[in-house]
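Numbered from 1 within each chain, the chains take letters A, B, ... in sequence-line order. If you're wondering where the values come from, they're calculated on a predicted model, not measured in any experiment.
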Amino acid sequence: MLDVKILRQNTEEIKKAMESRNEDPRQIDKIIALDEKRREFIQKADELKAKRNQLSKAVAKLKSAGKKEEAAKNIEESKDIGNKIKEFDDRLRETEEKQEALISQLPNIPLENVPVGKDEKSNKEIMKWGEPGTFQYEPKPHWEIGPELGMMDFERASKMSGARFVVLSDRIARLERALINFMLDYQTEKNGYSEINIPYLVKRDTMFATGQLPKFEEEAYKTTPDDMFLIPTAEVFLAGMHKDEILEESELPKKYCAYSACFRREAGSYGKDVRGMIRVHQFDKVELVKYTKPEDSFNELEKLTNDAESILRELDLPYRKILLCTGDMGFGAAKTYDLEVWLPSYKSYKEISSCSNDTDFQARRANIRYRNKENKLEYLHTLNGSGLAVGRTLVAILENYQNKDGTVTVPEVLRGYMGGAERIFG
RNA sequence: GGAGAGGUGGCCGAGCGGCCGAAGGCGCUUGCCUGCUAAGCAAGUGAGGACUUAUGUUCUCCGAGGGUUCGAAUCCCUCCCUCUCCGCCA
């Protein structure tokens, strides 16, 4: 959520920023026009309220002095004013609601060093790590490797649950679990995050706080009869956890990680990634979230991204790091790095983690503040990133570690989690 | 699902129509005291908005929304949330 004051003060800049995010800058004009009306109503109502307060005080005095008639006069006048106040308050609330509805649809403002661009073509590659392997044969995609091993079943998944689901079994099921444990252990033990085990169902306001609602309701799975939502990412819970709280400066930065299943309708992605388990309605992810002081969030994003990268390096998977342009970033993000892992089946890099600085955007929506050095309350900054998407990591391992005979080598760091297995074979 | 209790400032907690933005305590800030720390003493200390900025003026906020009233933290209604007990259940 953006601050109206900033819209008022830096109107032209914000309009440009919104344009760079493929939003209609005229929305800003609408909001500012509403804001002028809003302030006008506030002033009028406040004046009347001050008057009424005066009269009320006078009534109390007159009554205790036994001057009933004079009191009655004031009461009459006060009644009259009360009606006018109601009128202005109603109009005020109406404009406030309209304004709020528009503002809550606006995405975050990009940070200065974010490349401006309309879509992913303007994203900037920051670095590459590792070399994509060369194969003496045509490498298989995971949707062949898995089923041929008899451990990945798309037919039964769709029979039971529909399209875009997958069933894993035996060693591949174990590999999924190994990855979750490895990632959690690594992020907690090596990178200093506290592990949180979270609910997968959340209330409507929780979804609003992180920016999933109201704009992206189409994307979420809603449940009946209680209007609960299945979380599309653990971020929803982790970044909302301190809603309406005031944190002490000394507790910052707070670093959380959580494993969760994630649920997405993928409403707008017809025809995209239809094969395999790259894009499914339910997937596992280990998520990282930080709460930081505003002045630290910039650096903390670098660290958080590096924490996510460390998993890819430990697994020895070739990847690259991309700085997203203004038009390609998520709703709440002010700056985002994507990590993309090499996938032989795609013959390209594919997103496996997205790490964002959300600045005070979510903190404002969720009302999360901290007490700064001057003892003043201030919105803090939130950051989030995948560390990593487990399903896609599994895919990357199957494809990059595949052998000609159809077996898959288990990355060294995972062997301890796989009962010592070095290879997956049918 | 049934019954009950409750939601007040950073935290705890009193108040139950005007003297309440709210006692008291904790915490925090400053000063005094003090070999250091702790303790003690004194003073200060809620948030948000509008107008104006040199100071300042004013409004709103005691879970949310409505109502009664000249006036509501306090009375009435609706909703949300939390807790306890009973039932059911992994």
In N123(A), N22(A), T336(A), the residue satisfying side chain to side chain donor-acceptor pair (under 3.5 Å) with D328(A) is N123(A)
**Message:** Work out how far the C1' atom of C16(B) is from that of U84(B), and round it to whole angstrom.
**Reply:** 24 Å
Using the salt bridge (charged side-chain N to carboxylate O under 4.0 Å, His left out) rule, take E47(A) and K51(A) through it: C-alpha gap first, then chi angles, then the decisive distance, then the call.
CA-CA 6 Å; E47(A) 259 172 54; K51(A) 181 80 185 156; over 6 Å; no
Could you work out the separation of G1(B) and U45(B) based on their P atoms and round it to a whole Å?
49 Å
By the Watson-Crick or G-U definition, both distances under 3.5 Å, C89(B) is matched with none
* Asked: On a whole-Å scale, what distance lies between the C1' atoms belonging to G6(B) and C12(B)?
  -> 15 Å
Using Watson-Crick geometry (N1-N3 plus N6-O4 or O6-N4) or G-U wobble (N1-O2, O6-N3), each under 3.5 Å, U58(B) is paired with G49(B)
Checking N1-N3 plus N6-O4 or O6-N4 for Watson-Crick, or N1-O2 and O6-N3 for wobble, each under 3.5 Å, the partner of A38(B) is none
C1'-based separation of G65(B) from G7(B) [nearest Å] | 16 Å
Outermost contacting nts on RNA chain B, any atom under 4.0 Å from chain A heavy atoms, listed 5' then 3', are G10(B) to C81(B)
Checking N1-N3 plus N6-O4 or O6-N4 for Watson-Crick, or N1-O2 and O6-N3 for wobble, each under 3.5 Å, the partner of A3(B) is U84(B)
Sorted by chain and number, sequence neighbours left out, ring-ring contact (aromatic ring centres under 6.0 Å, His included) with F216(A) holds for F331(A)
What residues 368-377 of chain A contributes to the RNA chain B interface at heavy-atom separation below 4.0 Å is R369(A), R371(A), N375(A), L377(A)
Give a yes or no on whether a salt bridge exists between E40(A) and K44(A), defined as a side-chain N under 4.0 angstrom from a carboxylate O. yes
Ordered by number, residues from residues 68-79 of chain A within less than 4.0 Å of RNA chain B (heavy atoms) are I75(A), S78(A), K79(A)
So the side-chain hydrogen bond (donor to acceptor under 3.5 Å, both in side chains) pairs with at least one residue in residues 164-177 of chain A (sequence neighbours excluded) are none
In Watson-Crick or G-U wobble terms, with both distances under 3.5 Å, the base opposite C26(B) is G10(B)
Of V59(A) and R39(A), the one whose nearest nucleotide on RNA chain B sits closer to the 5' end is R39(A)
Here the ring pair (Phe, Tyr, Trp, His ring centres under 6.0 Å) pairs for residues 160-203 of chain A, sequence neighbours left out, are F165(A)-H281(A), F182(A)-Y186(A)
In this structure, SG of C257(A) is separated from CD of E287(A) (nearest 0.5 Å) by 10.0 Å
Re A64(B): Watson-Crick or G-U wobble partner, both distances kept under 3.5 Å, found to be U78(B)
Looking only at atom P, what distance separates C76(B) and C20(B), rounded to whole Å? 23 Å
Determine the Euclidean distance between corresponding P atoms of G18(B) and U74(B); express it in Å to zero decimal places.
11 Å
What one should report as the nearest heavy-atom pair of S194(A) and T188(A) is C-CG2, 4.4 Å
inquiry  = Regarding K303(A) and E300(A), does a basic nitrogen lie under 4.0 Å from an acidic carboxylate oxygen?
reply    = yes
Take atom C1' in C11(B) and the same atom in C75(B), then report the distance between them in whole Å. 30 Å
Are the ring centres of H242(A) and Y256(A) closer than 6.0 Å? yes
Note to self: Measuring only the C1' atom in each nucleotide, how far is G48(B) from A39(B)? A whole number of Å is fine.
What the structure shows: 38 Å
Legend entry - Derivation of the side-chain contact (heavy atoms from CB on, under 4.5 Å) call for M152(A) and L398(A): CA-CA 11 Å; M152(A) 187 181 288; L398(A) 294 182; 3.5 Å; yes
Indicate, with a heavy-atom threshold strictly under 4.0 Å, whether R8(A) touches base, sugar-phosphate, or nothing. sugar-phosphate
salt_bridge(E148(A), K140(A)) N-O dist < 4.0 Å: yes
Between I42(A) and L55(A), the residue closer to the 5' end of RNA chain B by nearest nucleotide is I42(A)
